[in-house]
2 protein chains.
Amino acid sequence: MRRILLTIEYDGSCYSGWQKQPDRRTIQGEIEQALFRILGQKIEVFGSGRTDAGVHALNQKAHFDLDTPIPISKLASIINNQLPDDIVIKSAEEVANDFHARFSLTRKVYSYTIFNSQYKDAFLARRVGRIEYPLDEKKMAKAGKLLIGEHNFKGFASANTCTDNFVRTIYDLKVERDGDFIYVIVEGSGFLYNMVRIIVGTLVDYSLGNLTLDDIKSALKNQDRSKSGRTMVASGLYLKDAIY
Amino acid sequence: MRRILLTIEYDGSCYSGWQKQPDRRTIQGEIEQALFRILGQKIEVFGSGRTDAGVHALNQKAHFDLDTPIPISKLASIINNQLPDDIVIKSAEEVANDFHARFSLTRKVYSYTIFNSQYKDAFLARRVGRIEYPLDEKKMAKAGKLLIGEHNFKGFASANTCTDNFVRTIYDLKVERDGDFIYVIVEGSGFLYNMVRIIVGTLVDYSLGNLTLDDIKSALKNQDRSKSGRTMVASGLYLKDAIY
């Protein structure tokens, strides 16, 4: 029995997220179906974490156990042949038997793409979150600095987050502009439900003058969701890396 | 009563095509629902023609009749506010009462994007048709020249095309390469079911050595579908313009 780690790229536009659900197309469901067609047996694939409907991944990680003698070097292309083209196995490698895609994780990196334009663009719609009013990326970066470090992020999580522990560490938060596009890149120990989308929404609302730096400090200190910003749409969010 | 002509851009990735269908998301269905929310009445929208599931449009055209005094200059943005972001009304203009988006049409232009690469790319998947073996765009253009003019295109239509008249005129056919992308742009009097996708597949199969120029001539002369090429996937096809 070999434990295999997959690195996966996907366009989440037309999927109901990572996690398998009955009667819905999901990334995990598609990969498990592909493995079933190849191996003739039901295999459970464990992801580094879920991504929501419409969220994309550049390097999602997932593991599964393989008990047939397929050469690892051919595995990615064999699986890709059974997958829809908007899900791509970028690599497959053998890892230790106690490795776990979720529990062995040390850091995660997300990138959020804002399309900062007054114009709608049908072909960007499922790849970005659009903000029509001009944003100041320097102001956004300034607000982002407040969030770096270990904090209780309950004020930056969706109300229906199922956890007791809201403490996470943000190691880095960058804001970069390229023309009409603003990229917010956040690296952390882990993220609560909707946390990246609310962090980006908070930087946006600060830039637009809807929030002050004191509001953001208060959202952190008092775990007050009413002092953080909007939840950005899922379509702009990319799981950039899961680090072990 | 004013007749309104819409110019519409859409990413067809997550839609079951143009034409409304029960329990399916379609472009026509979304636009009619948007108009219903704005006007409080059922309005039928007539497109220049259908596009299949997954096919995109840069400038689809459609008309409808409006009997409320909304200023035309504001109509596009009013409708856009009620549409999902992957469907965009680019403009709305008043036309004569005898204008018809389908029957007044004189020409249509389609563009097909081939991603000519041995590598899969999840984010291109729903925007292109991928061919992994190297294509020669000059050979493709040479084969394309055979198709220009008035011909019976039954050999380049899907078997389940519902029409008695297979005669169409192709006014122009261009093949352009930009790096790994090849664009086939076809302008014609109209197109049969799957005709553009089969034309592009024929140029591809000629370039790959699966067909000869004589095969293509025979497909035209004898209306022989077995002598034309593969049907390319829907995702690479863009309705570029409908001309009146």
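Here is the naming used below: chain letters follow the sequence lines, and residue numbers restart at 1 for every chain. Only heavy atoms go into these numbers, but all of them, side chains included; no hydrogens, no water, no symmetry mates.
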Practice problem: Could you name each residue pair satisfying salt bridge (charged side-chain N to carboxylate O under 4.0 Å, His left out) that touches residues 52-61 of chain A, not counting sequence neighbours? | Solution: A:Asp52-A:Arg197

Practice problem: Any chance you could measure B:Cys14, atom SG, to A:Arg25, atom CZ, to the nearest 0.5 Å? | Solution: 9.5 Å

Quiz prompt | Exceeds 12 heavy-atom contacts within 6.0 angstrom, atom CZ of B:Arg37 | solution = yes

Quiz prompt | Residues, nucleotides or ligands: over 12 heavy atoms within 6.0 Å of B:Tyr133 OH | solution = no

Quiz item: So, for A:Arg127 and B:Phe123, which heavy atoms are closest and what is the spacing to 0.1 Å?
Solution: NH2-O, 2.9 Å

Quiz item: Do other residues, nucleotides or ligands put more than 12 heavy atoms under 6.0 Å from B:Phe99 CZ?
Solution: yes

Quiz item: Does atom CZ of A:Arg230 have more than 12 heavy-atom neighbours from other groups under 6.0 Å away?
Solution: yes

Quiz item: Between A:Leu124, A:Asp121, A:Ile87, which shows the greatest number of heavy-atom pairs under 4.5 Å with chain B?
Solution: A:Asp121

Exercise. Measure the shortest side-chain to side-chain distance between A:Lys120 and B:Ile89 over non-hydrogen atoms and say whether it is less than 4.5 angstrom.
Key: no

Quiz prompt | Heavy-atom pairs under 4.5 Å with chain A, option from B:Asp86, B:Leu83, B:Leu58, B:Val88 with the top count | solution = B:Asp86

Practice problem: Using side chain to side chain donor-acceptor pair (under 3.5 Å) as the criterion, list what pairs up with A:Gln41, not counting sequence neighbours. | Solution: A:Asp67

Quiz item: Given the options A:Ser235, A:Ala125, A:Ala122, which has more heavy-atom pairs under 4.5 Å with chain B than any of the others?
Solution: A:Ala122

Practice problem: Please flag which part of A:Tyr238 lies under 4.5 Å from any non-hydrogen atom of chain B: side chain, backbone, both or neither. | Solution: side chain

